[in-house]
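Nothing here was measured: the structure is a model prediction, and the numbers come from that model.
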Amino acid sequence: MIDTSTLDIRPAEPADVPALTRLTHELGYPSSTEDEVTGRLTTWTGRDDLLVLVAASGEQVVGVAALAVIPYFERPGSWGRVVALVVDARTRGLGVGRTLLAATEQAALARGCTNMEISSARRRVDAHAFYRSVGYVDRCDYSAKFFKELTT
């Protein structure tokens, strides 16, 4: 059992790669290898506009969140986008995600963000309920989101 009062939220480290790979698989990306996750973590480390946080209980990493800070062009300030958030299936519902997301929001505020965004596949109904429970609003009726895969 995880005690969220002793949960350590910290920046991800290279030693976390095996756990990050496992969590990436749980998020629905089973083809990610440790080498690929190492490369991504290297890209995301040491930048003010990108941050990967982990939730650790002792030596065990039980959650990860990745934040990208994007400056507005049309107005002052920036907005934060949670590009990945996953909690180990064995510890879901214990407050790990809530604690991890709150830390991500604080990091975004510290980086000048005025808004946060999380996108989630429509099939992730439980995740949507969680996001609503912590104050996020589904604005798909207000603003469309378009996607295009780029090829060379």
Side-chain angles (χ1 to χ4, degrees), residues 1-72 77-140 145 147 149-150:
M1 188 63 94
I2 301 296
D3 178 3
T4 56
S5 68
T6 61
L7 202 59
D8 183 27
I9 306 296
R10 61 170 173 73
E13 304 169 347
D16 299 324
V17 165
L20 296 175
T21 303
R22 180 181 45 77
L23 290 168
T24 302
H25 294 177
E26 283 193 40
L27 190 58
Y29 301 95
S31 62
S32 289
T33 66
E34 286 190 12
D35 286 343
E36 291 170 334
V37 173
T38 297
R40 289 182 207 128
L41 184 58
T42 299
T43 298
W44 280 67
T45 300
R47 293 179 52 168
D48 288 336
D49 60 336
L50 301 174
L51 177 65
V52 180
L53 293 175
V54 297
S57 177
E59 298 296 315
Q60 181 184 10
V61 172
V62 295
V64 61
L67 168 71
V69 174
I70 304 153
Y72 286 110
S78 298
W79 54 283
R81 183 165 197 279
V82 177
V83 299
L85 176 64
V86 62
V87 172
D88 185 307
R90 297 168 293 187
T91 60
R92 289 183 191 150
L94 301 176
V96 175
R98 188 174 300 272
T99 303
L100 189 55
L101 187 54
T104 304
E105 291 169 353
Q106 288 302 309
L109 279 169
R111 288 165 171 75
C113 294
T114 58
N115 298 294
M116 289 288 282
E117 174 186 88
I118 300 173
S119 61
S120 179
R122 286 286 170 205
R123 71 181 184 282
R124 299 184 193 271
V125 178
D126 290 345
H128 301 172
F130 167 71
Y131 298 141
R132 285 185 187 96
S133 78
V134 293
Y136 286 80
V137 177
D138 183 347
R139 294 182 49 176
C140 285
K145 181 178 175 182
F147 180 80
E149 196 164 314
L150 299 178

Q) Does the side chain of Thr42 come within less than 4.5 Å of Thr45's, by heavy atoms? A) no

Donor-acceptor contact present, side-chain Ser57 to main-chain Gln60, <3.5 Å = no

So CG of Asp16 and CG of Leu41: to nearest 0.5 Å the spacing works out to 7.5 Å

query: Do you see a donor-acceptor pair shorter than 3.5 Å between the side chains of Arg40 and Thr24?
result: no

Looking at Ser31, is its backbone amide N or carbonyl O close enough to the side chain of His25 to form a donor-acceptor pair, meaning the two atoms are under 3.5 Å apart?
no

* Hey, does Val62 have a side-chain heavy atom less than 4.5 Å from the side chain of Leu7? -> yes

Residues 61-72 vs side chain to side chain donor-acceptor pair (under 3.5 Å), sequence neighbours excluded, gives Tyr72-Arg75, Tyr72-Asn115

Result block: side-chain N/O donor-acceptor pairs under 3.5 angstrom for residues 105-112, not counting sequence neighbours:
| unit_1 | atom_1 | unit_2 | atom_2 | d |
| --- | --- | --- | --- | --- |
| Glu105 | OE2 | Tyr136 | OH | 2.7 |
| Arg111 | NE | Asp48 | O | 2.8 |
| Arg111 | NH1 | Ala107 | O | 3.2 |

Check: Thr104 and Met116 side chains under 4.5 Å, non-hydrogen atoms: yes

Between Leu100 and Ala55, the two heavy atoms sitting closest are CD1-N, 4.0 Å

Here the gap from Leu20 atom CG to Glu34 atom CD, rounded to the nearest 0.5 Å, amounts to 9.5 Å

Nearest heavy-atom approach of His128 to Ser120 is NE2-OG, 3.0 Å

CZ of Arg81 to CG of Leu50, rounded to nearest 0.5 Å, is 12.5 Å

Evaluation steps, side-chain contact (heavy atoms from CB on, under 4.5 Å), between Leu101 and Val134: CA-CA 9 Å; Leu101 187 54; Val134 293; 3.7 Å; yes

Minimal heavy-atom distance between Val82 and Leu85, with the atoms involved, is CG1-CB, 3.9 Å

In short, salt bridge (Lys or Arg N to Asp or Glu O under 4.0 Å) pairs touching residues 85-99 with sequence neighbours left out are Arg22-Asp88, Glu26-Arg92, Asp88-Arg90

task: Starting from the C-alpha separation in whole Å, work towards a yes-or-no answer on side-chain contact (heavy atoms from CB on, under 4.5 Å) for Val83 and Trp44.
output: CA-CA 12 Å; Val83 299; Trp44 280 67; 3.4 Å; yes

What one should report as the nearest heavy-atom pair of Gly97 and Phe130 is C-CZ, 3.6 Å

Taken to the nearest 0.5 Å, the spacing of Cys113 SG from Leu67 CG works out to 6.0 Å

When every non-hydrogen atom of Pro11 is compared with those of Leu53, the smallest separation belongs to N-CD2, 3.9 Å

Exercise. Going by heavy atoms in the side chains, are Thr33 and Val37 under 4.5 Å from each other?
Worked result: no

- Side chain Thr43, main chain Gly39, donor-acceptor under 3.5 Å: yes

Taken to the nearest 0.5 Å, the spacing of Asp138 CG from Ile118 CD1 works out to 11.5 Å

